[in-house]
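Below is one structure; the comments refer to it alone.
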Amino acid sequence: MAFYVVQFLTGLASAASLFLVASGLSIIFGVTRIVNFAHGAFYMIGAYIAFTLTERFSGAFGFWGGVVAAALAVALIGVLVEMVLLRRIYHAPELFQLLGTFGLTLIVEDLVVLIWGPDDLVGRRAPGFKGAVDFFGQNIPSYDLFLIVLGPVVLGILWLLFQRTRWGVLVRAATQDRDMVAALGVNQKWLFTSVFAVGVFLAALGGALQIPRDAVHHAMDLRIIVEVFVVVVIGGLGSIVGAFVAAVLVSELNAFGILIFPKISIILVFLVMAVVLIVRPWGLFGKPEAAARKTPGLSVNPWRPLTSNERLGSLAALVIAAMLPLFAGNYALTVGSEIAIFVIFAISLHFLMSVGGLASFGHAAYFGLGAYGVAFLAKMAGLPMIVCLLLGPLLGCMGAAVFGFFAVQLSGVYFAMLTLAFAQIVWSIAFQWVSVTGGDNGILGVWPASWAASPSHFYWLALGVAALVTIALRIAVFSPFGYALRATRDSVLRSEAVGINAKRIQWTAFVIAGTTAGIGGALFAYLKGSVFPDNLGISLSVDALVMVLLGGVETVSGGVVGAIVYKALNIWLVSQTDLSKLVLGGFIVLIVVVFPKGIVGMLEILAQRRRKSSPPGSSLLAKPIESAE
Amino acid sequence: MSVAPPLLAVEGLTKSYGGIHAVRGVSFSLRSGEILALIGPNGAGKSTCFDMLNGQNQPDTGRVCLLGEETTGKKPRDIWRMGVGRTFQITATFATMTVRENVQVALISHGKQLYNLWGSAPNVDCAEAGRLLELVGMGGYADRPCGELAYGDLKRLELAIALANQPKLLLMDEPTAGMAPRERVELMRLTAQIAKEKSIGVLFTEHDMDVVFEHADRIIVLNRGTLIAEGSPAEVRGNPQVQAIYLGEGLLYEGGHHEGASA
């Protein structure tokens with residue numbers, strides 16, 4: 001019995017940090033409508049700076065002062081980030097904000113390693129809370145008890161802040177209707193900045209307070225952000241109380257889940273989240289999001305099928321690509337195969353995002369599932385390559401069917417967060433279920449059959465499949481289903497009013513996209529000869545997002561161009577520098593701020609400008625961003 | 001029972017939110033080809049009533065029948081499949097698609113081609129979409145992106161979309177809200193003409209009394225959730241209760257309306 005009580009208290013103690021970070025995210029979202037992906041990064045910097053300060057200054061004052069000073073310092077960094085980056089993208093579609101802050105996270109991950117090194121850092125114990133309390137023969141660290149008290153105290157302080165101060169009233173008003181608050185003469189800029197600072201302060205404090213419990217390391221940002229997303233999805237974005245209740249719930253599920261499913265405890269959290277989302281799609285304490293005011297400056301060129309000249313042009317490009325083996329070496333052919341595979345991956349996400357308006361932040365899950373599907377079939381069942389290639393993607397299809405069913409119940413940022421959480425769950429299963437997936441060691445020796453073994457043959461195979469998939473998805477875009485999918489993207493209300501079951505249409509699109517990604521993953525497994533958990537990790541999901549946005553999300557086939565340019569650049573970059581995340585992150589931030597329409601979008605605009613030649617280009621580039629103050 | 005059921009029969013519709021009775025025991029019916037206006041001051045329960053007819057909201061008690069078949073408890077998309085077209089107070093269209101594509105989506109849905117992945121959508125029902133657009137006077141705009149349209153044209157487009165499933169009943173929530181006075185008259189004239197030709201029943205809510213009195217065959221008046229009057233425009237206009245609570249004291253509509261006078 002005592003054991004369970006201790007387990008319960010440990011869960012409560014873990015909830016404190018989680019609550020701090022989640023409440024910060026929630027407050028920022030409530031006012032600025034930005035889902036701050038970099039929140040985990042701020043949490044991590046908070047921990048690192050607190051580590052340095054508490055090592056430097058001794059004594060109780062050194063420790064507690066260091067923790068608070070670290071949080072304040074990170075809040076200051078947050079202010080800088082808000083003023084330099086976020087102010088430029090408040091009026092951009094929410095996807096770009098999520099992506100921009102993700103770029104920031106990548107930059108921070110490399111910077112942290114540059115400054116503090118790649119090793120885990122074990123911090124000091126908290127002065128005054130070094131011992132443990134005996135509880136019927138079980139030990140409870142006294143620091144845990146401190147954290148258990150701290151959570152409700154912070155909740156109370158935040159409540160007072162929001163109910164009793166003028167600033168709090170403004171924040172609550174802005175959470176309901178920020179445009180109205182601005183119209184009433186409140187300086188929105190500083191309100192946003194201050195809110196962001198408070199949110200970041202909470203995240204950094206959460207990180208700083210973790211150092212006596214956990215080692216500080218450079219991957220802690222992604223781990224916490226996924227948990228925080230789960231917390232705010234369960235609790236409801238924008239609700240502090242919801243964040244608290246959900247943080248406790250998730251922490252307890254983790255604490256007891258380990259006893260029930262020691263290997264895959266995260267499953268339990270996922271199940272609870274799924275149930276909450278079905279019963280209350282906006283979380284336990286959240287409110288349905290009011291219809292957003294129309295994004296200004298959103299203009300979309302009507303889509304049309306390719307003209308016969310353009311078809312000939314595409315065919316010519318394909319023929320030229322097919323002649324690569326005539327003059328390129330093996331390395332170039334392998335790179336070419338990889339690019340072709342990423343074209344498949346990118347256009348599968350592009351289909352979901354551009355046509356369906358569903359921005360999946362965890363699309364790699366289905367790519368990776370396709371790869372694992374092939375590995376299982378080839379290694380365990382020993383099936384021939386062609387059969388594996390045909391059946392392997394079905395694992396991606398099944399994953400997409402299950403997760404997609406839940407994901408399409410939501411939209412916008414909730415959809416993005418949920419897909420990310422699902423991908424993270426799949427990743428942890430692949431990582432933890434060692435007996436089946438081989439864990440971190442992956443599954444090795446997935447070699448292609450002799451007919452496809454030579455680099456040129458494999459290249460032709462990848463290129464051919466990529467071409468087929470591209471054509472098939474283009475046909476789908478201009479099929480009746482494609483029209484229906486676009487209809488659900490533009491207006492669910494109108495779609496339902498003309499007899500369209502919007503969720504089922506979106507679910508179908510999700511399954512199509514997942515299966516297509518699975519095809520890419522299946523080829524990838526044979527290209528690499530092995531499968532690893534990274535094949536379904538977050539960074540791969542983000543690669544896909546960047547490829548789509550780089551190509552242009554408002555275009556029909558931007559994914560193809562985006563994949564080719566990005567992948568080629570990426571492969572070249574990794575061979576040139578160790579700081580690829582830093583460069584990549586900077587690149588993403590640059591796209592978000594400067595080229596929101598992507599490469600193909602830019603080309604279309606230029607072509608249009610030449611055709612019309614008269615109208616000035618004021619509405620062309622980055623209108624939503626220019627209109628931000 | 002040899003009498004054919006009316007096109008739309010509403011019986012004892014009631015809805016409350018907390019302690020507030022938004023709609024109390026509203027009953028009325030509508031024949032094919034008839035144009036019925038639902039009017040009432042702000043907060044009278046018009047929108048609540050309307051939402052219960054189109055499936056957006058469910059009544060606490062009471063029922064709605066379309067040609068004898070109950071629609072209460074059905075989803076908007078299922079009610080549409082039973083032959084009910086609708087337009088919204090604030091237009092809802094597919095903003096990134098062209099005008100023609102907007103209508104084609106409705107036609108594709110009507111033809112149950114929604115899950116067809118191989119057909120060529122630009123050619124599906126293209127002629128039919130063009131015909132519907134001609135009908136509402138939007139033929140020249142077919143290839144324009146819908147997001148570029150003026151508000152009055154969007155309202156026309158909504159009408160074309162609503163007609164795509166050859167509806168028996170049209171539900172129009174404030175069809176002329178936000179339009180210029182001349183556009184209002186034109187749109188309602190068009191609607192009335194189509195309704196008579198195709199024998200479609202039309203139920204609409206409206207604030208503009210010129211529009212109501214000119215085009216409605218019959219008017220029902222809601223106040224504080226209850227039906228307080230029903231009858232021809234002349235009868236309703238003459239009803240002192242309606243004048244008092246709805247039109248306000250001292251505002252009398254005697255014969256004829258003043259076209260454009262309010263502009």
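To find a chain, count down the sequence lines: A is the first, B the second, and so on, and within it residues start at 1.
Looking at Leu485(A), there are no atoms closer than 4.5 Å to chain B (heavy atoms on both sides), in backbone or side chain. Contacts of Arg304(A) with chain B are absent, with no heavy-atom separation under 4.5 Å from either backbone or side chain. Interface residue Asn116(B): backbone and side-chain heavy atoms are both found under 4.5 Å from chain A. Residue contact with chain A, scored on non-hydrogen atoms closer than 4.5 Å, involves the backbone of Thr93(B) exclusively. Interface remark: Glu148(B) contributes no atoms to any contact with chain A (heavy atom separation under 4.5 Å). When heavy atoms are compared at a cutoff of 4.5 Å, Ser491(A) approaches chain B by way of both its backbone and its side chain.
Checked against side chain to side chain donor-acceptor pair (under 3.5 Å), Arg280(A) has no partners two or more places apart in sequence or in another chain.
The aromatic rings of His363(A) and Phe345(A) lie parallel to each other, their planes meeting at an angle below 30°, with 60° marking the opposite boundary. Between Phe510(A) and Tyr366(A), the angle of the ring planes goes over 60°, which puts this pair in the perpendicular group of the 30/60° scheme.
No other option in Ile512(A), Thr508(A), Asn501(A), Thr488(A) has as many heavy-atom pairs under 4.5 Å with chain B as Asn501(A).
Between Lys155(B) and Tyr151(B) the shortest side-chain heavy-atom distance falls below 4.5 Å. Side-chain contact between Met172(B) and Leu203(B) is absent, with no heavy atoms from C-beta onward closer than 4.5 Å.
One finds a salt bridge joining Arg494(A) and Glu158(B) here, because a Lys/Arg side-chain nitrogen approaches an Asp/Glu carboxylate oxygen to under 4.0 Å. In summary, Asp173(B) and Arg86(B) do not engage in a salt bridge, as defined by a charged side-chain N under 4.0 Å from a carboxylate O. Here Glu128(B) pairs with Arg131(B) in a salt bridge; the nearest charged N to carboxylate O distance falls below 4.0 Å.
Taken from CG in Leu163(B) to NE2 in His110(B), the straight-line distance is 11.5 Å, to the nearest 0.5 Å.
Residues of residues 98-108 of chain B lying under 4.5 angstrom from chain A, judged on non-hydrogen atoms, are Thr98(B), Glu101(B), Gln104(B), Val105(B), Ala106(B), Ile108(B) in numerical order.
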